[in-house]
Visitor: 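Structure provided below as structure tokens; questions to follow.
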Amino acid sequence: MFLESGAVALRAKTKTPKAEVKPAPLPFPKAVGQAVRAIPRGQVRSYAQVALYAGRPGAARGVGREMATLPQRPDVPLPWWRVIRSDGTLAPQVAQEQARRLRAEGVEVAQRGDAFRVKVPRETPAVGGATKRRR
DNA sequence: ATCAGGGCTGGCC
DNA sequence: TGGCCAGCCCTGA
């Protein structure tokens, strides 16, 4: 979605990145698995993007929960390491392993202390989709 | 640019 | 109903 739209903007101009977010009404776990497997090697997506692609905008948290459980099924391995936080940082509990795998795919992962992060071009200019609480 | 604090949403147990 | 979570976003320092 936004990642693509950005890339598209750089090379073309007419390509409207309409909704590529229309997967069937699959059960959440299945939808998430499908979305994650759709992430190309050497690329990353945020939990929010996965949720969006899974047809559940805003369910980033639910995605994280699924990520922690789905890998338990050896029959349907998922490239969980390609899912990172919106700000590019990696979940602490799997950061090391995740960084290792990403680097193996050619993704640049910076490390500061025990925190890892992937450089990501801003893709979500704070669309209305979120909290936006007044103050 | 980076970091911490808070409020909030979605899905599941 | 209540609480947890591998999140998201905003604001202020």
Side-chain angles (χ1 to χ4, degrees):
Chain A
M1 46 302 307
F2 305 120
L3 275 180
E4 288 83 336
S5 66
V8 169
L10 289 176
R11 89 175 75 112
K13 18 16 211 349
T14 52
K15 172 64 174 182
T16 302
K18 37 190 312 186
E20 52 205 275
V21 188
K22 42 2 11 213
L26 295 172
F28 196 65
K30 196 162 173 57
V32 170
Q34 174 183 286
V36 174
R37 277 189 302 262
I39 305 173
R41 189 173 183 289
Q43 286 188 38
V44 296
R45 289 289 133 85
S46 70
Y47 289 92
Q49 287 182 309
V50 171
L52 190 61
Y53 196 89
R56 305 296 193 291
R61 241 177 146 156
V63 171
R65 204 190 66 67
E66 286 306 319
M67 299 299 274
T69 55
L70 284 178
Q72 294 173 14
R73 301 168 215 189
D75 51 308
V76 281
L78 293 176
W80 57 265
W81 57 92
R82 294 176 192 154
V83 183
I84 64 177
R85 292 176 178 165
S86 289
D87 63 359
T89 59
L90 312 184
Q93 56 181 314
V94 292
Q96 283 207 55
E97 174 67 8
Q98 186 165 24
R100 204 165 63 66
R101 290 174 181 258
L102 286 176
R103 284 168 174 162
E105 295 189 350
V107 177
E108 243 186 88
V109 183
Q111 175 175 11
R112 191 165 111 306
D114 25 303
F116 295 80
R117 68 182 313 169
V118 175
K119 272 194 179 179
V120 301
R122 16 173 169 230
E123 40 193 276
T124 308
V127 194
T131 318
K132 165 118 353 200
R133 75 181 205 289
R134 93 294 167 282
R135 65 179 303 295

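A quick note: this is a predicted structure, and the numbers were derived from the prediction, not measured. Below, chains carry the letters A, B, ... as their sequence lines are ordered, and counting in each starts from 1.
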Visitor: Determine, stepwise, if the pair A/Gln98 / A/Ile84 fulfils side chain to side chain contact (heavy atoms under 4.5 Å, CB included).
Guide: CA-CA 9 Å; A/Gln98 186 165 24; A/Ile84 64 177; 3.8 Å; yes

Visitor: It should be established whether A/Arg61 places a side-chain nitrogen or oxygen under 4.0 Å from OP1 or OP2 of nucleotide B/dG10.
Guide: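 No.
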
Visitor: Could you check whether atom CD of A/Glu105 has more than 12 heavy atoms from other residues, nucleotides or ligands sitting under 6.0 Å from it?
Guide: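 More than 12 heavy atoms, drawn from other residues, nucleotides or ligands, come within 6.0 Å of this atom.
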
Visitor: Please confirm whether the shortest side-chain N or O distance from A/Ser86 to OP1 or OP2 of C/dC8 is below 4.0 Å.
Guide: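 The answer is yes; a side-chain N or O of A/Ser86 sits under 4.0 Å from OP1 or OP2.
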
Visitor: Can you find a heavy atom in the side chain of A/Val63 that is under 4.5 Å from one in the side chain of A/Phe28?
Guide: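 In short, these two side chains touch, coming nearer than 4.5 Å.
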
Visitor: Which dot-bracket notation, 5' to 3', represents the base pairing of DNA chain B when pairs are defined as Watson-Crick or G-U with both distances under 3.5 Å, crossing pairs as [ ], and inter-strand pairs as |?
Guide: .|||||||.||||

Visitor: Rounded to the Å, how far apart are A/Gln96 CD and C/dA6 C1'?
Guide: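 One finds 15 Å between C1' of C/dA6 and CD of A/Gln96, rounded.
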
Visitor: Within this structure, what is the CD-CG distance for the pair A/Glu97 and A/Leu102, rounded to the nearest 0.5 Å?
Guide: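 Output value for this atom pair is 10.0 Å.
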
Visitor: Can you tell me which nucleotide in C/dA6, C/dG7, B/dG11 comes closest to the side chain of A/Phe28?
Guide: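 Between C/dA6, C/dG7, B/dG11, the one nearest the side chain of A/Phe28 would be B/dG11.
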
Visitor: Which whole-number value in Å describes the distance from A/Gln49 CD to B/dG10 P?
Guide: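 For the pair A/Gln49 CD and B/dG10 P, the rounded distance is 18 Å.
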
Visitor: Where the side chain of A/Arg82 meets the backbone of A/Ile39, is there a donor-acceptor pair that is under 3.5 Å apart?
Guide: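 Checking the backbone N and O of A/Ile39 against the side chain of A/Arg82, a donor-acceptor pair under 3.5 Å is found.
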
Visitor: Check the distance between C/dC8's C1' and A/Arg56's CZ and give it to me in whole angstrom.
Guide: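 Rounding to the nearest Å, CZ of A/Arg56 and C1' of C/dC8 are 19 Å apart.
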
Visitor: Please tell me if the side chains of A/Trp80 and A/Arg101 come closer than 4.5 Å, counting only heavy atoms from C-beta onward.
Guide: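 They are in side-chain contact.
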
Visitor: Rounded to whole Å, please give me the gap between CZ in A/Arg85 and P in B/dT2.
Guide: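 Nearest whole value for this atom pair: 15 Å.
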
Visitor: Please report the distance, rounded to the nearest Å, between CZ in A/Arg65 and C1' in C/dC4.
Guide: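 That distance rounds to 10 Å.
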
Visitor: May I have the distance from A/Glu66 (atom CD) to B/dC12 (atom C1'), rounded to whole angstrom?
Guide: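 My rounded result for the distance is 8 Å.
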
Visitor: Of A/Ala48 and A/Gly62, whose nearest nucleotide on DNA chain C comes first from the 5' end?
Guide: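 Upstream on the strand: A/Gly62.
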
Visitor: Would you mind reading off the distance between A/Leu102 atom CG and C/dA6 atom P, rounded to a whole angstrom?
Guide: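 Distance check: A/Leu102 CG to C/dA6 P gives 18 Å.
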
Visitor: Is A/Ser46 close enough to C/dG7 that one of its side-chain N or O atoms is under 4.0 Å from OP1 or OP2 there?
Guide: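 Indeed not, no polar side-chain atom of A/Ser46 lies that close.
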
Visitor: Assign A/Tyr47 to base, sugar-phosphate, or nothing according to its heavy-atom contacts below 4.0 angstrom with the strands shown.
Guide: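 It contacts base atoms.
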
Visitor: Are side-chain heavy atoms of A/Gln96 and A/Phe116 found at a separation under 4.5 Å?
Guide: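 In short, these two side chains touch, coming nearer than 4.5 Å.
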
Visitor: When the distance from NZ of A/Lys30 to C1' of B/dG11 is rounded to whole Å, what number comes out?
Guide: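 My rounded result for the distance is 18 Å.
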
